[in-house]
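So the structure is just underneath, and the comments pick up after that.
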2 protein chains.
Amino acid sequence: MINKIPQAAVPRLSLYYRVLVESRGKDYVSSDELSKLTNFTAAQVRRDLTYFGQFGTPGKGYEVEALKKAILSILGTDKNWDVVLAGVGNLGTALLSYKGFEKQGFKIICAFDNDLRRVGKTLEGIKIQDISELGNTVKERNISIGIVATPGEGAQEVINILIKSGVKAILNFAPIRPQVPPSVGLLNIDLSIELERLAYFLTKSKS
Amino acid sequence: MINKIPQAAVPRLSLYYRVLVESRGKDYVSSDELSKLTNFTAAQVRRDLTYFGQFGTPGKGYEVEALKKAILSILGTDKNWDVVLAGVGNLGTALLSYKGFEKQGFKIICAFDNDLRRVGKTLEGIKIQDISELGNTVKERNISIGIVATPGEGAQEVINILIKSGVKAILNFAPIRPQVPPSVGLLNIDLSIELERLAYFLTKSKS
DNA sequence: AAATGTTAGTTAAATGTTTCACAAATACTA
DNA sequence: TAGTATTTGTGAAACATTTAACTAACATTT
């Protein structure tokens, strides 16, 4: 392919989709309107969309429903994805309870923990299993997305099990940078690092 | 300034600090070793560090303790930061309970919610206050960092209050892209968007 | 049907970031 | 002390992304 798609364009697509959902009632929307709704420039909106195809009509704009469908299909959110959760502490529980995921086709279908006080309990309709069953369950149920919300210690081990069992994409909240083979997608969300970025911003803007 | 610092260098600095902490016992560490520990290239390690100053000794490397202190000072994590939390649902509770923040100098000192069932309760030693008191409390206590963990509706309003009351940096978990003046630092963590990025990765790698 | 205005798609320039390669500085060894 | 091995810091090149300017297509108005 000649046109490489910038990494950063993908989350922007998600945002275009959101504002399209909110602009129910309109038949067409222009890059200029999308620009105002997302705070990206109109040029970037057009550029981003053409990375993935041609969706618009000159003089008119983009057909809302068609563009919505197209973005869903590009992102893969027109399918349903089964998700496994490893680590059901405070954060894990919060993720399990978050209603937003299911709307977008992501369903946490099983959850694991190594704390025996939690194992066996049911949260949001999901029975927490012992971490020792992680590998087999993931294999049996053929799950391809994993969320890791364990402490840093042991996170790499959990991730190794996930990968060995066929998981192809991981959202990692543990404060480590796990090793994964290139075939596996990895996104790290590291709360401490984000706060440190803010602290840097504050320190810098004072000087 | 001639050398503008790439945005992306800042979170890398956080990671250098982490591996330095873990390499206790060593007096000196080379860019090559830091490279292996962080999976960034050695050239990037050196480049990143020189954005902020000259910390190394040719032929020897970087003195661990000195570099640790320098990074702390650059990031601003050598100071203590008071943090306000808006929204004490599942995610907010998880953040309130997360022990990692305090170690890095971030302390959530007050929390607010608009749900009367939560207001008045005490979590992790912090009494949840009514959202109507948010502005005054932030002003009185002179807080400069805010974490927003409310639903999307109302998040912009909460953020407006934070900014009006003197908050200068915001970590936003609500699924919106808030408007903030350029003088205010903003980082968005949007869980749905992260999952959609993974879905895109999976969709793409199958084709 | 012609003229005008709007808007997507494309090409080129500008900006920002990372990588490469090497000189200069220091440490080590004999 | 001279010579060799390390390792930093950095100019320049390579790469990636965003912004801006332009072109062509379509819609609307008269």
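Proteins get letters first, then strands, A, B, ... in listed order; numbering begins at 1 in each. Values below: every heavy atom of this structure, side chains too, minus hydrogens, waters and symmetry copies.
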All N/O pairs under 3.5 Å across the protein-nucleotides 11-15 of chain D interface:
| from | atom 1 | to | atom 2 | distance (Å) |
| --- | --- | --- | --- | --- |
| D/dG11 | N7 | B/R47 | NH2 | 3.1 |
| D/dG11 | O6 | B/R47 | NH2 | 3.1 |
| D/dA12 | N6 | B/R47 | NH2 | 3.1 |

So which pairs with a foot in residues 53-74 of chain B pass salt bridge (charged side-chain N to carboxylate O under 4.0 Å, His left out), sequence neighbours left out?
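Salt bridge (charged side-chain N to carboxylate O under 4.0 Å, His left out) check on residues 53-74 of chain B returns B/E65-B/K68.
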
Qualifying salt bridge (charged side-chain N to carboxylate O under 4.0 Å, His left out) pairs with a residue from residues 98-107 of chain A, counting only residues at least two apart or across chains
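Listed by first then second residue: A/K99-A/E124.
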
For A/Y17, check ring pair (Phe, Tyr, Trp, His ring centres under 6.0 Å) against everything at least two apart and list the hits.
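A/Y17 satisfies ring pair (Phe, Tyr, Trp, His ring centres under 6.0 Å) with no other residue.
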
Under the ring pair (Phe, Tyr, Trp, His ring centres under 6.0 Å) test, which residues partner A/F201, sequence neighbours left out?
none

Can you list every pair that meets side-chain hydrogen bond (donor to acceptor under 3.5 Å, both in side chains) and has a residue in residues 173-185 of chain B, with sequence neighbours left out?
A/N39-B/Q179

Got a sec, which residues hit salt bridge (charged side-chain N to carboxylate O under 4.0 Å, His left out) with A/D32, two or more places apart in sequence or on another chain?
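Result, salt bridge (charged side-chain N to carboxylate O under 4.0 Å, His left out) vs A/D32: A/K36.
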
Whether A/R18 and B/D190 form a salt bridge (side-chain N of Lys/Arg under 4.0 Å from carboxylate O of Asp/Glu) is what I want to check.
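Between A/R18 and B/D190 there is a salt bridge, with a charged N closer than 4.0 Å to a carboxylate O.
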
Once you apply a heavy-atom cut-off of 4.0 Å, does A/A9 come out as touching a base, just sugar-phosphate, or nothing?
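Contact class for A/A9: none.
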
Using a heavy-atom cut-off of under 4.0 Å over every strand shown, decide if A/G56 touches base, sugar-phosphate, or nothing.
sugar-phosphate

Side chains of residues 73-87 of chain B: which donor-acceptor partners sit under 3.5 Å, not counting sequence neighbours?
| from | atom 1 | to | atom 2 | distance (Å) |
| --- | --- | --- | --- | --- |
| B/W81 | NE1 | B/G76 | O | 2.8 |

Minimum-distance nucleotide to [X] side chain [options: [options]]:
X	options	result
B/P6	D/dC26, C/dT18, C/dA27	C/dT18
A/Q54	C/dT17, C/dG9, C/dA25	C/dG9
B/Y51	D/dT18, C/dT18, D/dT10	C/dT18
B/Y62	D/dC26, C/dA27, D/dT8	D/dT8

So if I take the C1' atoms of five pairs at each end of the helix from C/dA1-D/dT30 to C/dA30-D/dT1 and get each local axis, what angle do the two axes make, rounded to 10 degrees?
0°

Quick one: side-chain contact (heavy atoms from CB on, under 4.5 Å) partners of B/S31, sequence neighbours excluded?
B/A42, B/V45, B/R46, B/Y62

Among all residues two or more places apart in sequence or in another chain, which pass the side-chain contact (heavy atoms from CB on, under 4.5 Å) test with A/Q44?
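Result, side-chain contact (heavy atoms from CB on, under 4.5 Å) vs A/Q44: A/R12, A/Y16, A/F40, A/T41, A/D48.
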
Side-chain (B/Q104) to main-chain (B/G100) donor-acceptor, under 3.5 angstrom
yes

Looking at DNA chain D, which of residues 20-46 of chain B put a heavy atom within less than 4.0 Å of it?
B/S30, B/S31, B/R46

